[in-house]
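The chains referred to below are lettered A, B, ... by the order of the sequence lines, with proteins before strands, and numbering in each begins at 1. Everything numeric in this text was worked out from a predicted model, so none of it was measured. Keep in mind that the numbers below use all heavy atoms, side chains included, and drop hydrogens, waters and symmetry copies.
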Amino acid sequence: MDVKDINTPGYEIPEEIEGQVAITTLDKIYNWGRSASVWPLMFALACCGIEYICAQASRFDLSRFGMEVTRPSPRQSDLMLVSGTVTKKMMPTIVRLYNQMPEPKYVIAMGSCASGGGPFKEGYNVVSGIDRYIPVDVYIPGCPPTPQALINGLIKLQEKISKQSIKTVRWYQKGEDQASIPVPILGPDLIDPRKIPLIKNHEA
Amino acid sequence: MTTPAPVETLDLSTLLPGFVTTDTRPGYSGWVVDKNHLVEFASKLRDEFGYDLLTSVTGVDYLPDDKMEVVYHAFKTTGGPVLNYKVQVPRQDPIEVPSLVSVYPGVELQEREIWDLFGIIFTGHPDLRRILMWEGFEGHPLRKDWKEAYFEEESKPFKSRWPDGKIVQAENNNKFSDNIAYPAGFDPEKWIPEGEDALYGSLAKYEYTSQDGIKNDHIVVNLGPQHPSTHGVFRVSAVLDGEIIANLKPVMGYLHRNHEKIGERNTFLQNMPYTDRLDYLSSLSNNFGYALTVEKLMNIEVPERAEYIRVIMAELTRITNHCMALGALFNDLGTFFTPLIYLLEERELILDIFEAVTGSRMMCNYFRFGGVARDFPEGILEKIKGLVFERLPKKIDEIDRFMSDNEIIRSRGIGQGILTAEDAIRFSATGPLLRASGVPYDVRRADPYSIYDRFDFDIVVRQNGDIYDRYMVRLEEMRQSVRIIQQAIKGLPVGEFQTGKPQYQVRVPAGESYGRVESPKGELAFYVISTGKPSPWRYHVRAPSFINLTPYGHMCVGQKIADIVAILGSIDIVLGEVDR
Amino acid sequence: MYGKGILKGLGVTLKRYIDTYIDDIRWMGKRYYKSEGIAHRSSKDARGIFTIQYPEEKVPVPEEFRFIPFLVYDDGENGEHILRCTSCGICPKVCPPQCIWITRTTNPATGRPIPDPAEFYIDADICMNCGLCAEYCPFDAIKMDHDYELASFARNILNLQSLSKSASYYEGIRPINATKENRARDAKLAARAAAGVKAE
Ligand code: SF4
């Protein structure tokens with residue numbers, strides 16, 4: 001983002017200090033800081049994860065976006081990049097990781113598998129898209145999305161971040177339900193605790 | 001491929017008279033062994049006939065015949081064709097087959113997989129637990145009468161797609177609007193998850209020795225499934241005695257994508273792009289293995305030019321794979337990122353070639369039965385030449401200079417994670433893991449396929465079987481691959497790249513076929529059974545990364561906890577293939 | 001000497017570091033944001049800095065590159081779009097993950113099928129970009145797109161509208177293939193015309 005994008009128009013700044021002073025809104029500066037230092041969780045699931053590694057490496061170099069700091073701990077990360085097939089066996093772990101991430105947090109579903117099940121959707125151990133359990137901010141189609149497609153998605157995320165406002169974001173709301181997502185249980189098949197009443201009443 | 005699968009000329013029926021018979025079904029070969037004499041038969045084969053490498057064990061469900069079968073594929077490490085034998089059991093629970101772990105410890109994980117997916121109990125197995133699914137999962141998915149929640153039809157193409165295709169997302173057909181199904185009368189509130197008791201129970205079974213009479217307590221440490229150095233969603237559960245590993249079990253299945261179940265519904269061609277996603281770092285090797293297997297069944301020839309193109313692409317894949325494997329290993333050893341990034345640069349340049357030839361960087365989907373999908377585009381040969389004649393040899397030397405004398409690599413690599421030659425064979429290890437232990441076994445030489453017998457290259461062997469040697473083997477293999485590609489480019493003939501007209505519905509005669517290639521990770525084989533229908537009856541992948549994990553625990557015991565990751569890196573696994 | 005190996009390694013990194021600047025000077029500003037600079041950085045002579053600064057620079061995609069499929073239409077005389085697709089049903093049959101749905105148009109009067117799709121869906125969240133549909137389509141009607149910048153805030157289900165793209169777009173992204181196919185189609189038409197003349 002350029003200085004002129006940060007400046008809110010309509011205010012007169014004397015010419016001599018134009019380069020040193022910016023008049024802006026809190027929102028803009030807050031979002032600018034956040035969108036330029038999104039720290040992803042170090043977390044690769046499948047084939048798409050390899051393209052993610054390539055995007056991190058020298059040819060595409062995510063550090064140009066301030067995103068090279070992958071954190072092994074969810075407590076320090078802002079972004080969960082779900083890069084690959086989500087299996088039922090892995091699902092409890094992912095939800096737990098998501099719950100451990102502090103707000104503000106974002107989720108990107110990279111590749112068709114994470115977005116909607118992908119080529120393995122019909123499989124018995126595959127979750128039909130990560131958005132069945134955790135909210136997704138950006139979907140990147142492709143199998144796998146090339147590193148450039150991934151960066152395109154990350155830019156989309158930055159766009160989304162820069163449009164948010166402190167007044168309305170969910171993590172500053174009073175009384176807003178901050179309850180974490182219930183962790184699925186591994187039963188005879190994956191059990192989503194939110195669906196227990198439905199499961200209870202089913203007739204096989 | 002020019003000749004059908006070579007049939008073993010040994011007469012084994014006299015070995016255990018009355019209990020061993022030839023498999024006479026049309027299209028099948030090998031021997032059928034009586035289940036009660038299996039262990040005796042296997043030990044005799046190993047000790048008297050030299051079949052010391054049992055590479056693959058898998059199950060087949062013959063639902064119409066009301067039979068289950070366990071199929072074994074054995075080889076000699078001195079080279080030669082396959083010998084397969086089978087055990088047939090009636091399909092009534094409990095289905096029991098004696099375990100071969102006492103003869104070939106390499107079957108340990110594979111037998112667990114068969115128990116998980118087919119529900120065949122291996123009597124005498126030391127640790128028979130589910131491996132890919134979790135304890136408590138309902139049913140054994142690869143049985144033919146087991147249906148998943150999104151089950152639509154027995155085989156593809158599905159009728160709902162055309163001519164009256166109204167888009168319906170699979171979840172909308174399910175009563176929980178998700179990919180789930182439960183047994184009748186299941187009450188989720190009464191469900192007590194089995195958790196990890198079985199795993200921890202099996203871990204505790206180790207010989208506990210306290211030194212100097214001091215009483216030590218042991219702790220269990222879990223790494224993964226989300227751990228940066230486990231190369232994906234892999235989990236290691238280790239029992240520690242201080243800092244020393246007393247026992248260790250790999251835990252997997254976190255990326256189990258049901259390749260085999262889906263593969264039995266796909267048509268033969270539709271499986272090709274799915275093989276890309278097995279070992280996603282070396283998709284062209286997977287294509288190669290699968291194409292060979294089906295071509296064997298179809299008994300078709302591949303044109304000269306296509307053979308050369310195949311070899312060039314497969315060897316380029318080996319280089320890309322080793323770039324990634326070595327880079328990751330360096331990371332695990334403590335030389336962070338710089339060498340990995342240098343290697344990834346070379347990988348990127350080769351991926352550019354893949355993208356230009358096949359259309360995708362990673363998921364190449366390039367091989368077809370009887371050839372390849374399309375010819376080399378114009379100008380690509382120049383690019384490959386530039387790489388293999390000029391750039392790559394220099395860059396491999398650079399990595400050699402960069403890392404081989406590095407004190408970090410040497411002190412963490414030499415003498416660590418040793419696997420002796422005997423152990424490597426016993427545990428069915430293949431690929432660089434086996435060759436670093438001093439066994440010169442390479443499928444390209446031991447049982448040549450395609451046109452590998454025409455090229456001049458060395459099989460890289462090192463003697464110590466430690467982490468450093470595995471690194472050196474991979475490095476040297478990159479040089480050999482460059483050598484092969486150089487020869488292949490010089491010999492590349494003009495001509496067709498595909499036999500006959502491209503077809504999307506191939507006719508595959510009934511029978512079984514075991515086709516194997518030397519993938520960068522080891523012996524990659526496909527076991528395909530056709531019944532003459534458009535889709536295979538059984539589609540099994542003998543995944544090298546999965547089976548190479550069998551000796552993992554053995555290699556780690558006695559090492560420090562920090563070596564868990566280094567040893568794993570030196571095995572070189574890809575989770576897409578481990579879990580399939 | 002202990003540490004010699006590390007020093008040797010540091011020499012390698014130092015050389016790489018210097019290479020960047022040597023090449024920067026040699027290329028005199030043409031190295032970045034210019035197509036020849038990008039081509040050089042992806043060639044066998046690449047050394048020093050290797051980064052392609054997406055989105056300002058882009059790695060050029062090769063002709064065969066495949067992403068999500070699209071449907072090709074020709075422009076009719078009055079500017080209408082004539083889809084090449086005849087809804088023959090080969091692509092939903094070859095599609096490995098079965099992500100294509102086609103409804104065939106039927107003539108309301110006779111109830112007979114018309115070779116034209118009434119509806120065409122691709123679930124991009126199942127598609128595995130394998131390219132088999134494009135490979136086996138006998139009418140060159142479905143092709144793999146080059147556009148990979150598709151990230152969105154919602155799931156992607158593509159319908160007839162969003163799938164259709166013009167033949168000139170197709171010729172733009174795959175010039176070599178398109179020429180080859182056009183020539184083959186023309187030859188076939190000519191042959192059929194010749195045969196038709198004979199039959200009459
Ligand atoms: S979307 Fe494709 S590339 Fe990505 S994880 Fe799924 S199968 Fe692999």
Of A:Pro193, A:Ser128, A:Cys113, A:Gly129, the largest count of non-hydrogen pairs under 4.5 angstrom with chain B goes to A:Ser128
Chain A shares the most heavy-atom pairs under 4.5 Å, among B:Met362, B:Glu138, B:Met363, with B:Met362
Looking only at A:Ile50, A:Val86, A:Thr93, A:Val126, most heavy-atom pairs under 4.5 Å shared with chain B are made by A:Ile50
Salt bridge or not for A:Lys121 and B:Glu171, using N-O below 4.0 Å? yes
Rounded to the nearest 0.5 angstrom, the CD1-CD distance for B:Ile262 and B:Gln270 is 11.5 Å
Rounded to the nearest 0.5 angstrom, the OG-CG distance for B:Ser237 and B:Leu223 is 9.0 Å
Item to check | Basic-acidic side-chain contact under 4.0 Å: B:Arg580, B:Glu260 | outcome: yes
Max heavy-atom pairs within cutoff under 4.5 Å with chain A, candidates B:Asp579, B:Ile341, B:Ile180, B:Asp187, goes to B:Ile180
Cut-off 4.5 Å, heavy atoms of chain A, and the answer for B:Phe337 is neither
Applying a strict 4.5 Å limit to non-hydrogen atoms, the region of B:Met133 in contact with chain A is both
Bottom line for A:Ala46: the part with an atom under 4.5 Å from chain B's heavy atoms is both
Taking NZ, NE, NH1 and NH2 as the nitrogens, is one of them in B:Lys395 or B:Glu345 under 4.0 Å from a carboxylate oxygen of the other?
no
### Query
Among side-chain atoms of A:Lys89 and A:Asn125, is any donor-acceptor pair under 3.5 angstrom?
no
Okay, B:Leu344 and chain A: the region with an atom under 4.5 Å from a heavy atom over there is side chain
Answer key: most heavy-atom pairs under 4.5 Å with chain B among A:Thr87, A:Thr146, A:Leu198, A:Ile185 is A:Thr87
Salt bridge or not between A:Asp78 and A:Arg34? Use side-chain N to carboxylate O under 4.0 Å. no
Whatever's closer than 4.5 Å to a heavy atom in chain B on A:Ile94 counts as neither
Residue from A:Gly117, A:Gly118, A:Gly123 scoring the most non-hydrogen pairs under 4.5 Å with chain B is A:Gly123
Whatever's closer than 4.5 Å to a heavy atom in chain A on B:Ala170 counts as both
| request: Go through the side-chain N and O atoms of B:Glu152 and B:Ser160 and say whether any donor and acceptor fall under 3.5 Å apart. | output: yes
One option among B:Trp191, B:Tyr254, B:Trp134 has the most heavy-atom pairs under 4.5 Å with chain A, and it is B:Trp134
Would you say the side-chain atoms of B:Lys156 and B:Asn266 include a donor-acceptor pair closer than 3.5 Å? yes
Looking only at A:Lys200, A:Gln56, A:Met91, most heavy-atom pairs under 4.5 Å shared with chain B are made by A:Lys200
Ranking A:Ile53, A:Thr70, A:Asp192, A:Leu190 by heavy-atom pairs under 4.5 Å to chain B gives rank one to A:Leu190
Separation between CZ (B:Phe330) and OG1 (B:Thr335), nearest 0.5 Å, reads 6.5 Å
Honestly, the part of B:Arg361 sitting under 4.5 Å from a heavy atom of chain A is side chain
*asked:* In terms of relative ring orientation, are B:Trp146 and B:Phe137 parallel, tilted or perpendicular, with 30° and 60° separating the classes?
replied: tilted
Original post:
Is it true that the side chains of B:Asn287 and B:Thr275 contain a donor and an acceptor less than 3.5 Å apart?
Top reply: yes
Under 4.5 Å to a heavy atom of chain A? For B:Leu281 that would be side chain
From the list B:Asp352, B:Leu351, B:Leu340, the residue making the most non-hydrogen contacts under 4.5 Å with chain A is B:Asp352
Looking only at B:Glu148, B:Arg257, B:His256, the option with the highest number of non-hydrogen pairs under 4.5 Å against chain A is B:Arg257
